[in-house]
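A note on names: the letters A, B, ... follow the listed sequences, proteins ahead of strands, and every chain is numbered from 1.
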Amino acid sequence: MTAYLLKRLVIAAITLVLASMVVFAVLQVVPGDPARLMLGMNASAEQVEMLRSQLGLNDPLVLRYLHWAIGLLHLDFGRSYTYSVPVLDLVRERIVVSLPLALIALALSTAIAIPVGLYSASRRGRAGDVIAMGVSQVGVAVPNFWFALLLIYLFAVWLRWVPAGGFAGWKAGAWPALKSLLLPAVALALPQAAILARVTRQALLEVLSEDYIRTARAKGMPYRAVLWRHALRNALIPVLTIMGLQFAFLLAGTVIIENVFYLPGLGRLVFQAITQRDLIVVESVVMLLVAAVIAVNLLVDLSYALVDPRLRSRE
Amino acid sequence: MSLWKSVLAAAVLALASGSSALAARTDLVLGMVLEPPHLDPTAGAAAAIREITYANVFQGLTHIGPNGEVLPDLAESWTISDDGKVYTFKLHTGVKFHDGTDFSADDVKFSLERAMAPDSQNAQKQLFAAIDKVEVVDPATVKVTLKHPQGSFLYDMGWGDAVIVSPKTAATNKEKPIGTGPFKFENWAKGSSVTLVKSDNYWGDPVSLDKAEFRFIPDAAAAVPAMLSGDVQAFPTFPPDAVSQIESDPQLKVVVGSTEGETILAMNNKKPPFDNLKVRQAVSYALDRKAIIDGASGGFGQPIGSHMSPSNKAYVDLTGKYPYDPAKAKELLKEAGLEKGFKTTLKLPPPSYARLGGEIIASELRDIGIDAEIIPVEWAQWLDQVFTKKDYDMTIVSHVEPNDIAIYSRPDYYFNYQNPEFNKVIEELNLTSDEAKRIDLLKQAQEILADDAVVGFLFELPKIGVWDAKLTGLWENSPIPANDLTQVKWND
């Protein structure tokens, strides 16, 4: 187990270093000058040049990379060109929106998907299964921003139960803040739940055709108990893998939903930084996300060992 | 003021507001599409900075009014020497910055010199280029001497880039703006909103609003439900393509006004075949402005025939110079030796007027045999490739700076246009402060640009505002980027 963990950690570290080089290199070839963008069309070339050197954009490439990478090691993520505040401050403001949103959406999606998957698998081919899978097919196909707009018109414009968008901030209290995350979380969770339900059903069906399930049934164990105790536990590995991927997506890949609900999340921070060529913000936030994805994958790998004792003893 | 006095004042205020419990509301949430990068209008070009701070937080010597007129602001009056070179401003007294420091002539000197300095980040440094020296005569009088007369100087000092800042807070205005205006900065929740509240030590006429929140809503699809649900009560610059979904709501008002944004089809005047006047004229004849306005801005916006806003006093209607006439356009191409047409490119920045307008223009050009390949670009790419490197054939963009006809005389501007005759007119304009003479020169300048068909002149960008029908005082037009809230109030 320790050797397994150690190996995983070394791989994670190497991935981080390689990712930092790729991220840095890619952003150097993107056309556009942050200084010109900040000063606009009426500024003279000399003035733009002055700002470039103030921002340190004229230093040699390798030097800039090293400066940035070494800073990262000290948890110094640099200063935003456009906002002129430390990148870490920007991230801190956004993560208090993105992380709760991702967690709520993931919890919702799991709470819907696992029961539906269980139900469908146990009624394979019967009317309930066909309907559930039909609905989930629609859930997979419907774009989440369109679904989000439906939710807004229903709950914000017509019923006026929740605000149409925006984030109240945690200072305004837990309930107003959660209320503004409710619709976005539902809009994010349902398509994810649809995918997860299908994966759960498929994994269960595969397990259910195994010999040991037949043995369990043959010794007189009730079907429901077989499903919960033997089948679900063994079907969890693909489900956990998908959940890990979904969490990574929910943390940063939600820029469209953030735009529709005008939430100040991480996805929008990166998106704005890209259009404003705030390279240092893009580089640093992308690196943080890479680290988050790697960490989640590591956790998922470790959780395999929890659900499957064989993985624990193998190494 | 002693403690007791302020307590008393607060009590009186509380009574006054309590006694009129049914009084109109005093808070307002405004929607904006773009979030500003920071909040210092003297250190960045983004219009969103001015749309929050201009006239609300920061004030200048002069102030541009709702219809583009020059009004006194921190300077209550001024005199101009006969040679047009010395401006003496008489300043208001008793003015305080939001942090409590007194405003005086020293702050004016500091602000102007800071904008002119070699390391200045001011995005409109040219406004201050003519200033020779700034002298403090006494705490309430400041004398500005110019190197040469600058006819538009009083107007120029009304720009957001020329607001007066305090030396104590100049360096931190980006994050925490401190000005002399009726509203002071309260909070900026990045990615969400900026909140301003009424300043209790404001020197001028009191304002009606106690609190104004600017909320950033990037998506047009989200702006509609935000207005319909009442979460946001005013959207001063609403996305034109979404207006039709708002118009049927009787509680909301749609107000169409003008901006200073000349939307043009720019052509690279040095790059063949656009170096040929006949080709540029052919392109101009090929443009059906009505169709372009319908498609690119939902039918809102006035057609233009030169680089001047129709709301400007000096405007001449030159749209008749090149009316929509494809046959004539083909004939001109033939005369230019391009009977079979040619292939070219059209680079389009992100705004919808460019992307939508570009499709229509490309199809209109195809009718006369010009095959324009559409290349969508981001703003950063546009500034880099088109504006800085001049690597383009044609592009569509709106020039939103007010009174900016002089850009055609800049030696290295991206149009690559050079006409000594035009430059002479602009030089003379710069040295003239007589209003009638200036108008005459501006008219001449418009004529020359139209004759030379420097670019394809399309339309004046409209300002489409949507707000609650009970609100009054918001600007209908947008002579400069601003959301001046000083006159805004709720009426019941």
When only pairs under 4.5 Å are counted, which of A:Gly40, A:Ala35, A:Gly165, A:Pro163 shares the most heavy-atom pairs with chain B? A:Pro163

For A:Ile256, which atoms come within 4.5 Å of any heavy atom of chain B: side chain, backbone, both, or neither? neither

May I ask you to name which of A:Val30, A:Leu37, A:Leu90 has the most heavy-atom pairs under 4.5 Å with chain B? A:Leu37

If you check both backbone and side chains, which donor-acceptor pairs between chain B and chain A fall under 3.5 Å?
residue, atom, partner, partner atom, Å
B:Glu35, OE1, A:Gln272, NE2, 3.4
B:Ala45, N, A:Met38, O, 2.9
B:Ser120, O, A:Gln47, NE2, 3.3
B:Gln121, NE2, A:Gln54, OE1, 3.1
B:Asn122, O, A:Gln47, NE2, 2.5
B:Gln124, OE1, A:Asn42, ND2, 2.6
B:Gly191, O, A:Arg268, NH1, 3.4
B:Gly191, O, A:Arg268, NH2, 3.2
B:Leu228, O, A:Arg160, NH2, 2.9
B:Ser229, O, A:Arg160, NH1, 3.0
B:Asp231, OD2, A:Ala164, N, 2.6
B:Glu378, OE1, A:Arg277, NH1, 3.4
B:Glu378, OE2, A:Arg277, NH2, 3.0
B:Arg410, NH1, A:Asn42, OD1, 3.1
B:Arg410, NH2, A:Asn42, OD1, 3.1

Heavy-atom closest pair, residues B:Ala123 and A:Leu39: CB-O, 3.2 Å

Residue, of B:Pro350, B:Pro37, B:Ala226, that accumulates the most heavy atom pairs under 4.5 Å with chain A: B:Pro37

With a 4.5 angstrom heavy-atom cut-off, is it the side chain or the backbone of A:Leu51 that approaches chain B, or both, or neither? side chain

Is A:Val85 close to chain B through its backbone or its side chain, or both, or neither, when contacts mean heavy atoms under 4.5 Å? side chain

Between A:Gly265, A:Pro264, A:Gly169, which has the largest tally of heavy atom pairs under 4.5 Å with chain B? A:Pro264

Contact origin within A:Ile152 toward chain B - heavy atom pairs under 4.5 Å: side chain

Please classify the contact of B:Phe216 with chain A as side chain, backbone, both or neither, using a heavy-atom distance under 4.5 Å. both

